[in-house]
Amino acid sequence: MHDMSNRVALITGAASGIGLATAEALARAGAAVALLSRPEDDLDQAAKRCQDHHDRVLTVGVDVGDPAAVRAAVERVERELGPVDAVHNNAGISIVAPLTETTDELFERQLRTNLAGNFYVLRETARVMQPRRRGAIVNTASELALIGQAGYVGYTATKGAILAMTRSAAAELASWGIRVNAICPGTTRTPMFLREFDGAADPAAELADNEASVALGRIGDPKEIASAVVFLLSDEAGYITGTHLVADGGRTGCVPAGSIGTAAN
Ligand code: NAD
């Protein structure tokens, strides 16, 4: 396990799914953790799970799409837990709809949370890290930053932009001793995933199709994404910046499994 003791970690979208799994993994690795999520989210149950591993856990209800609220939240975390030096910039939503049925309102809501929200958290945490010349940030993108899928035009636009933003932020912040990377999860069993599959015409068939396109033959567990994020935030990843780590069971890197014959040409 990576040693994150004496570190202060800030995680957004920490009330459930991948963010909660990362918060728990960071607390288990020794970090004090600040759990940020929408004000209406159940942050108390998330905090209890982290308190099993660490006694310094702070919860802050915040909409990442509100820049003033994000700035105030980061200031509060610094005041109450100390200097933040690890950030999982993870809050996100997925709106699934055919392109021609994606209204302006739906598209803008997607942009506001996933892209503007990611930018505000990136900017405000970089701002407090710069004077200390130390820190690591991981932005959550998606395998859908790398491949297209019907129904996800707006979502993929935000996730592709997060990868581009990650590279430029890494270039700019390297001289300040701050590393910036992205994680690209594949399909992962979280409340977001469950909502999407529940909305499918035939959820069981949808799941079977989905799993058949993954080299490892199954969807991911949030803990498997969290462990990759903890690695990127740890000192063991000290020479890694401006890139992304794909944790998708091989979906984007491998063709679906087929039978192996023999041939010699
Ligand atoms: P989730 O819905 O379980 O968790 C997302 C959390 O973010 C929730 O607690 C939600 O309330 C919070 N959130 C949403 N909007 C917010 C806002 N405006 N301000 C603050 N908090 C907000 O989803 P998840 O699957 O854990 O997703 C986490 C991240 O991983 C997202 O960025 C998502 O796009 C990405 N992702 C998920 C999958 C997957 O299959 N689950 C795959 C690739 C990428």
Side-chain angles (χ1 to χ4, degrees), residues 10-25 34-47 49 59-70 72-74 87-96 108-122 124 138-147 149 152 154-163 165-166 182-200 206-207 210-211 213-214 218-226 228-229 244-249 251-252:
L10 181 156
I11 307 100
T12 68
S16 75
I18 292 168
L20 175 54
T22 305
E24 277 189 275
L35 314 186
L36 277 60
S37 215
R38 283 191 283 220
E40 62 270 29
D41 288 348
D42 186 357
L43 276 164
D44 288 345
Q45 57 81 29
R49 286 171 57 166
T59 61
V60 186
V62 63
D63 175 356
V64 295
D66 175 344
V70 169
V74 172
V87 174
H88 185 196
N89 189 3
N90 166 76
I93 56 172
S94 81
I95 294 173
V96 188
E108 280 155 20
R109 181 153 27 115
Q110 185 76 89
L111 284 181
R112 182 169 172 272
T113 297
N114 289 18
L115 184 52
N118 197 277
F119 171 79
Y120 299 142
V121 173
L122 177 63
E124 296 311 323
V138 173
N139 297 324
T140 299
S142 170
E143 63 180 359
L144 292 184
L146 308 170
I147 50 171
Q149 185 171 352
Y152 288 85
Y155 182 80
T156 53
T158 66
K159 295 301 187 177
I162 286 174
L163 288 194
M165 201 160 70
T166 298
I183 183 82
C184 292
T187 311
T188 309
R189 191 175 292 280
T190 67
M192 176 187 284
F193 151 85
L194 292 171
R195 285 189 296 272
E196 284 178 30
F197 277 78
D198 282 352
E206 187 80 15
L207 179 60
N210 195 300
E211 290 187 324
S213 67
V214 179
R218 62 177 178 83
I219 60 167
D221 184 277
K223 288 188 181 135
E224 295 174 307
I225 311 303
V229 174
H244 57 273
L245 180 54
V246 184
D248 69 348
R251 175 181 280 137
T252 55

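Both ligands and their constituent atoms are indexed starting at 1 by order of listing. Excluded from the calculations below are hydrogen atoms, water molecules and symmetry mates; all remaining heavy atoms, backbone and side chain alike, are included.
I11 CD1 to N89 CG: the interatomic distance, rounded to the nearest 0.5 Å, is 11.5 Å. Atom CZ of R189 is separated from atom NZ of K223 by 13.0 Å, given to the nearest 0.5 angstrom. To the nearest 0.5 Å, atoms OG1 (T140) and CD1 (I162) are separated by 7.5 Å.
One N or O on the side chain of Q110 and one on the backbone of I95 form a donor-acceptor pair closer than 3.5 Å. With hydrogens and angles ignored, the 3.5 Å screen pairs no side-chain donor or acceptor of D41 with any backbone N or O of L43. Under a 3.5 Å cut-off, the side chain of N114 and the backbone N or O of I93 do form a donor-acceptor pair.
Closer than 4.0 angstrom to ligand 1 lie heavy atoms from G13, A15, S16, G17, I18, S37, R38, D41, V62, D63, V64, N90, A91, G92, I93, T113, T140, A141, S142, Y155, K159, P185, G186, T187, T188, T190, P191, M192, R195.
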